[in-house]
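Note sheet for the following structure.
Indexing begins at 1, ligand by ligand and atom by atom, following the structure's order. Only heavy atoms go into these numbers, but all of them, side chains included; no hydrogens, no water, no symmetry mates.
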Amino acid sequence: MSKFWSPIVHALTPYVPGEQPKIQNLIKLNTNENPYGPSPKVIAALQAEAADSLRLYPDPDSSRMKAAIAEYHGLQTNQVFVGNGSDEVLAHIFQALLKHDLPLLFPDITYSFYPVYCGLYGIQYETVPLNARFEIAIDDYLRPNGGIIFPNPNAPTGIPLPLADIEGLLQANKDSVVVIDEAYVDFGTESAVALISRYPNLLVTHTYSKSRSLAGLRIGYAVGDAGLIEALIRVKDSFNSYPIDRFAEAGAVAALQDEAYFQQTRQQVIAAREQLVDDLQALGFEVLPSGANFIFARHPQYAGEQLAAGLREQAVIVRHFKKPARISDFLRITIGNESQNLALIAAVKSLLQA
Ligand SMILES: Cc1ncc(COP(=O)(O)O)c(C=O)c1O
């Protein structure tokens with residue numbers, strides 16, 4: 001603390017990301033990174049970029065990247081906004097589009113950055129409880145609001161919401177922006193991007209940190225009506241003109257050019273998830289249905305905190321949330337590669353036998 005802090009800094013409750021351990025050889029299943037590396041085409045593009053051009057600023061409009069994303073989704077470039085990770089894109093969305101007189105709505109159990117942005121930008125919000133099966137129930141959002149945001153699949157539960165439910169919400173909620181955070185959509189959830197042309201209040205965010213295996217490059221984007229995108233550009237150009245550096249743009253464009261690698265690795269993750277679900281259920285775990293690259297699981301006889309600590313002693317790290325109490329016995333486990341998943345199961349078995 002320092003006497004020089006602005007009043008807002010005193011009031012902030014910052015987000016705490018999952019641990020990035022300094023110790024080597026840990027089996028890291030705590031932050032939903034991809035166990036497979038990025039496409040070899042991305043690595044080649046990064047190497048080609050590491051030349052004289054680095055002394056020059058990047059393109060402030062990230063035109064090549066926007067064009068590639070627009071083509072991928074069958075949209076116009078003025079329907080695409082790019083940023084330094086989807087966290088930055090979300091931050092701009094909160095500031096540009098979600099601060100109104102009525103409260104923003106999001107689930108009580110969801111991505112824990114949302115309330116942090118509300119604190120940073122002075123946005124009032126109300127949380128909407130998940131139902132008894134930990135699902136988002138669309139009817140509970142049908143009330144006056146200043147905006148609605150949730151991930152699909154939700155995090156940390158991993159449960160996907162059918163596209164028909166999202167369309168039902170959009171039909172009933174036309175006077176505020178609805179943001180669908182699709183950070184994990186490529187692992188088996190239906191995307192709402194197809195609805196953009198029909199709903200001018202819909203924004204969909206994506207990241208390259210998960211299915212494209214580029215968490216280290218920090219690339220995220222939003223797609224939606226050109227009017228919504230224009231608001232985000234106005235905020236971005238009042239904050240940082242160059243959020244996408246030359247490496248990030250080159251890597252993002254190259255990633256989109258390797259569809260075969262993308263399909264292969266995401267299918268591998270989905271197949272490994274199904275295997276892991278079977279293995280954990282055989283050990284007595286309850287596993288929520290997942291459309292993501294992680295699962296949310298609890299054991300009826302063991303406290304979540306105890307299991308997470310026991311796994312850590314065996315060099316396997318998973319994510320445990322102490323709050324809210326309703327999820328305190330769950331572990332959020334990232335899907336690893338085959339050997340990582342086998343090591344996890346072996347560590348779980350030894351804990352259950354102890
Ligand atoms: C639901 C959700 N949205 C957004 C993000 C942010 O991803 P990034 O900033 O790496 O693009 C995450 C990261 O874990 C997430 O879980």
**Request:** Please work out whether the ring planes of Tyr242 and Tyr57 are parallel, tilted or perpendicular, with thresholds of 30° and 60°.
**Result:** parallel
**Asked** Counting each atom of ligand 1 from 1 as listed, which ones have a heavy atom of Lys210 under 4.0 Å away?
**Response** 13 (C), 14 (O)
**Message:** Would Tyr111 count as being in polar contact with ligand 1, using the rule that some N or O on each side must be under 3.5 angstrom apart?
**Reply:** no
**Heteroatom proximity flag, Tyr114 to ligand 1, N/O under 3.5 Å** = no
**Complete:** Per-atom filter on ligand 1: closer than 4.0 angstrom to a heavy atom of Arg218 are 8 (P), 9 (O), 10 (O)
**Residues that Phe321 engages under ring pair (Phe, Tyr, Trp, His ring centres under 6.0 Å), provided they are two or more places apart** = none
**Prompt:** Contact between Asp181 and ligand 1, counting heavy atoms under 4.0 Å?
**Reply:** yes
**Item:** Ring geometry between Tyr111 and Tyr114 (parallel below 30°, tilted from 30 to 60°, perpendicular above 60°)
**Value:** perpendicular
**Asked** Passes side chain to side chain contact (heavy atoms under 4.5 Å, CB included), Phe294 versus Ile333? Steps please.
**Response** CA-CA 5 Å; Phe294 58 85; Ile333 307 172; over 6 Å; no
**Request:** Would you mind checking which non-hydrogen protein atom is closest to atom 6 (C) of ligand 1, with the distance to 0.1 Å?
**Result:** Asp87 OD1, 3.1 Å
**Message:** Contact between ligand 1 and Tyr184 is defined here as a heavy atom of the residue under 4.0 Å from a ligand atom; is it met?
**Reply:** yes
**Message:** Could you check whether any heavy atom of Ser86 sits closer than 4.0 Å to an atom of ligand 1, since that is the contact criterion I want to use?
**Reply:** yes
**Request:** Report yes or no: is the cationic atom of Arg266 (NZ for Lys, CZ for Arg) closer than 6.0 Å to the six-membered ring centre of Tyr261, at no more than 45° off its axis?
**Result:** no
**Request:** Please could you name the atoms of ligand 1 that Ser209 approaches to less than 4.0 Å, counting only its heavy atoms?
**Result:** 8 (P), 10 (O), 11 (O)
**Interfacing atoms of ligand 1 (cut-off 4.0 Å, heavy-atom, Gly85)** = 9 (O), 11 (O)
**Request:** Please step through side-chain hydrogen bond (donor to acceptor under 3.5 Å, both in side chains) for the pair Ser62 and Glu249, ending with a clear verdict.
**Result:** CA-CA 7 Å; Ser62 310; Glu249 182 160 33; 4.8 Å; no
**Prompt:** With sequence neighbours left out, what residues match Val116 under side-chain contact (heavy atoms from CB on, under 4.5 Å)?
**Reply:** Tyr15, Phe113
